[in-house]
Amino acid sequence: MKIFLDCLPCMLRQVLEGAQMATGDEQLQKTIMDKALKILSSYEAYSNAPELSEVMHNVVKECTGIDDPYGNIKKRDIEEALKLEPIIRSFDKFYASRLMRALKISATGNVMDSAMYKDLDLEAVLKSELEKDFMVCDIDSFEDDIKRAKSILIIGDNAGEVVFDKVLVEYLSRDYEVVYAVRDRPIINDATLEDAYKTGIQDYCRMVSTGCGAPGAVLDSCSSEFLGIFNSSDIVISKGQGNFEALSDSSRRIYFLLKAKCHRIAKSLDVDIDEYVFKKNIF
């Protein structure tokens with residue numbers, strides 16, 4: 001998905017957020033923002049938003065020497081999500097189907113996105129979000145496809161969300177070979193292998209890195225190992241907006257599982273902002 005002008009302010013805000021987490025030196029923060037603005041001015045040279053975002057966030061790392069500015073935030077989110085896991089697993093409202101229940105729990109993991117839910121009562125937000133239905137849900141197509149499947153690749157998103165994904169992975173792993181992919185290196189609050197292992201999800205699946213450090217699986221930057229899994233898996237489930245931006249133009253079938261958190265993504269999925277989507281791409 002190409003980069004749109006209305007995406008740029010959010011990307012710049014995230015860089016400022018990362019700079020403030022990495023250093024209290026206001027002059028250094030200014031230097032970071034100046035460099036980020038220069039990169040942003042050449043946004044048309046990048047294929048998609050995750051690719052541009054990676055380059056901009058690398059400025060924070062290079063200027064501060066801090067490889068993982070969001071490290072403490074991710075640690076907190078994982079710990080909070082693990083505390084909430086009993087509530088997550090007790091959710092059974094609306095869906096008689098265990099598959100639908102697991103998909104909705106996984107999608108609801110966006111409550112752990114620190115950029116959105118900073119300083120909110122996560123338990124109250126979680127309960128409210130779990131009760132929301134999917135606005136778009138291609139479950140019939142998925143159930144048909146899964147009958148013929150043996151292998152499933154799930155591409156993860158933010159660190160706290162992995163706890164929610166664990167419910168889906170655990171359910172699917174009973175009948176399918178499941179691979180769970182995360183970022184190759186720290187970027188914003190997205191999960192790396194180190195983060196994901198803290199959740200216990202590895203008990204139910206094979207864990208891999210995408211080989212890519214962008215906040216989305218940019219295929220041109222992914223490892224040959226990941227690309228082999230991506231191309232050979234019978235089903236691919238892509239979590240979150242970053243992966244949607246990176247993969248929405250892919251030439252293979254993908255199920256996108258996400259909450260539309262910005263107007264551009266919502267419009268492209270024909271839903272309102274803050275609505276949940278489980279959609280099979282049509283290329």
Side-chain angles (χ1 to χ4, degrees), residues 1-4 7 10-11 43 46-55 57 103 106-107 109-110 113 134 136-138 141-142 145-146 149 151-159 161-162 164-165 168-169 172 178-185 187-192 196 205 207-271 275-283:
M1 174 180 286
K2 74 174 188 176
I3 303 170
F4 294 93
C7 299
C10 179
M11 298 174 72
Y43 75 94
Y46 297 89
S47 300
N48 50 59
E51 185 179 54
L52 172 59
S53 182
E54 180 184 15
V55 176
H57 280 276
L103 286 167
S106 177
N110 269 164
D113 193 327
F134 284 106
V136 174
C137 188
D138 288 340
S141 177
F142 185 76
D145 286 344
I146 210 170
S151 59
I152 299 174
L153 168 65
I154 300 176
I155 307 173
D157 190 20
N158 73 66
E161 192 169 347
V162 179
F164 295 71
D165 293 342
L168 177 61
V169 169
L172 293 173
V178 180
V179 177
Y180 189 81
V182 293
R183 311 301 184 226
D184 184 64
R185 45 198 176 273
I187 181 73
I188 320 179
N189 66 334
D190 287 7
T192 62
C205 63
M207 300 281 294
V208 299
S209 156
T210 61
C212 172
V218 180
L219 296 179
D220 287 345
S221 300
C222 289
S223 67
S224 57
E225 178 191 18
F226 173 78
L227 290 174
I229 297 168
F230 178 81
N231 291 321
S232 64
S233 294
D234 296 321
I235 291 176
V236 173
I237 300 174
S238 165
K239 294 292 309 295
Q241 288 196 153
N243 287 321
F244 176 73
E245 290 177 289
L247 295 170
S248 58
D249 296 328
S250 172
S251 59
R252 73 148 293 159
R253 293 291 189 189
I254 300 174
Y255 284 90
F256 293 103
L257 182 60
L258 70 153
K259 181 179 183 179
K261 297 181 293 183
C262 76
H263 292 288
R264 180 63 62 179
I265 299 295
K267 183 178 180 181
S268 68
L269 292 166
D270 197 26
V271 298
E275 290 184 330
Y276 287 96
V277 171
F278 181 53
K279 183 177 180 62
K280 186 177 185 178
N281 68 329
I282 300 174
F283 53 87

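What you see below is based on every heavy atom in this structure, not just the backbone, and it leaves out hydrogens, waters and symmetry mates. FYI, the numbering just counts along the sequence from 1.
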Q. Which heavy atom of P50 sits nearest a heavy atom of G242, and at what distance?
A. CG-O, 3.4 Å
(Q) Looking at K261, is its backbone amide N or carbonyl O close enough to the side chain of Q241 to form a donor-acceptor pair, meaning the two atoms are under 3.5 Å apart? (A) yes
Q) Is K239 reaching over with its side chain to a backbone N or O of S106, donor-acceptor style, under 3.5 angstrom? A) yes
Q: Going by the side-chain contact (heavy atoms from CB on, under 4.5 Å) test, name the single residue among V169, I152, V208 that passes it with Y180.
A: V169
Q.
Looking at every heavy atom in both Y255 and D138, which two are closest together, and how far apart are they?
A. CE2-O, 3.9 Å
Q. Going through the distances and angles, do L172 and I146 end up as a side-chain contact (heavy atoms from CB on, under 4.5 Å)?
A. CA-CA 10 Å; L172 293 173; I146 210 170; 3.9 Å; yes
Q) Can you find a pair of side-chain heavy atoms, one from D190 and one from V182, that are under 4.5 Å apart? A) no
**Q.** Residue pair F244 / S268: nearest heavy atoms and the distance that separates them
**A.** CE2-OG, 3.5 Å
Q | Check: D157 and N110 side chains under 4.5 Å, non-hydrogen atoms | A | yes
Q) Taking atom CZ of R183 and atom SG of C212, what is their separation to the nearest 0.5 Å? A) 7.5 Å
(Q) Do F256 and V277 make a side-chain contact, defined as non-hydrogen atoms from C-beta onward lying under 4.5 Å apart? (A) no
(Q) With a 4.0 Å cut-off on N to O distance, would you call R264 and E245 a salt bridge? (A) no
Q: Classify the side-chain pair T210/D184 by whether it contains a donor and acceptor separated by less than 3.5 Å.
A: no
Q. Do side-chain atoms of S53 reach the backbone of A49 as a donor and acceptor pair under 3.5 angstrom?
A. no
Q. Got a donor-acceptor contact below 3.5 angstrom from the Y276 side chain to the A107 backbone?
A. no
Q | Closest non-hydrogen atom pair, A217 against C222 | A | C-SG, 4.1 Å
Q: Determine the interplanar angle of the F134 and F278 rings, folded into 0 to 90°, and report it as parallel if under 30°, tilted if 30 to 60°, perpendicular if over 60°.
A: tilted
Q: Any chance you could measure R252, atom CZ, to I235, atom CD1, to the nearest 0.5 Å?
A: 8.5 Å
Q) Could you walk me through whether R253 and D145 pass the salt bridge (charged side-chain N to carboxylate O under 4.0 Å, His left out) check? A) CA-CA 10 Å; R253 293 291 189 189; D145 286 344; over 6 Å; no
Q.
A side-chain contact here means heavy atoms from C-beta on lying under 4.5 Å apart; do I237 and L153 qualify?
A. no
Q. For residues N158 and E161, is any side-chain donor paired with an opposing acceptor at under 3.5 Å?
A. yes
Q) Which value, rounded to the nearest 0.5 Å, describes the distance between I188 atom CD1 and E54 atom CD? A) 10.0 Å
Q. Is there side-chain contact between I155 and I254, with at least one heavy-atom pair below 4.5 Å?
A. no
Q.
Tell me whether D270 at atom CG has more than 12 heavy atoms from other residues, nucleotides or ligands lying less than 6.0 Å away.
A. no
(Q) Working to the nearest 0.5 angstrom, can you tell me the gap between L247 CG and N281 CG? (A) 9.0 Å
Q. What is the minimum heavy-atom distance between H57 and I187, and which atoms define it?
A. CB-CD1, 3.5 Å
(Q) Measuring from atom CG of L168 to atom CD1 of I154, what distance do you get when rounded to the nearest 0.5 angstrom? (A) 4.5 Å
**Q.** Residue pair S209 / S223: nearest heavy atoms and the distance that separates them
**A.** O-OG, 4.1 Å
Q) Once you round to the nearest 0.5 Å, how far does NZ of K279 lie from OG of S141? A) 10.5 Å
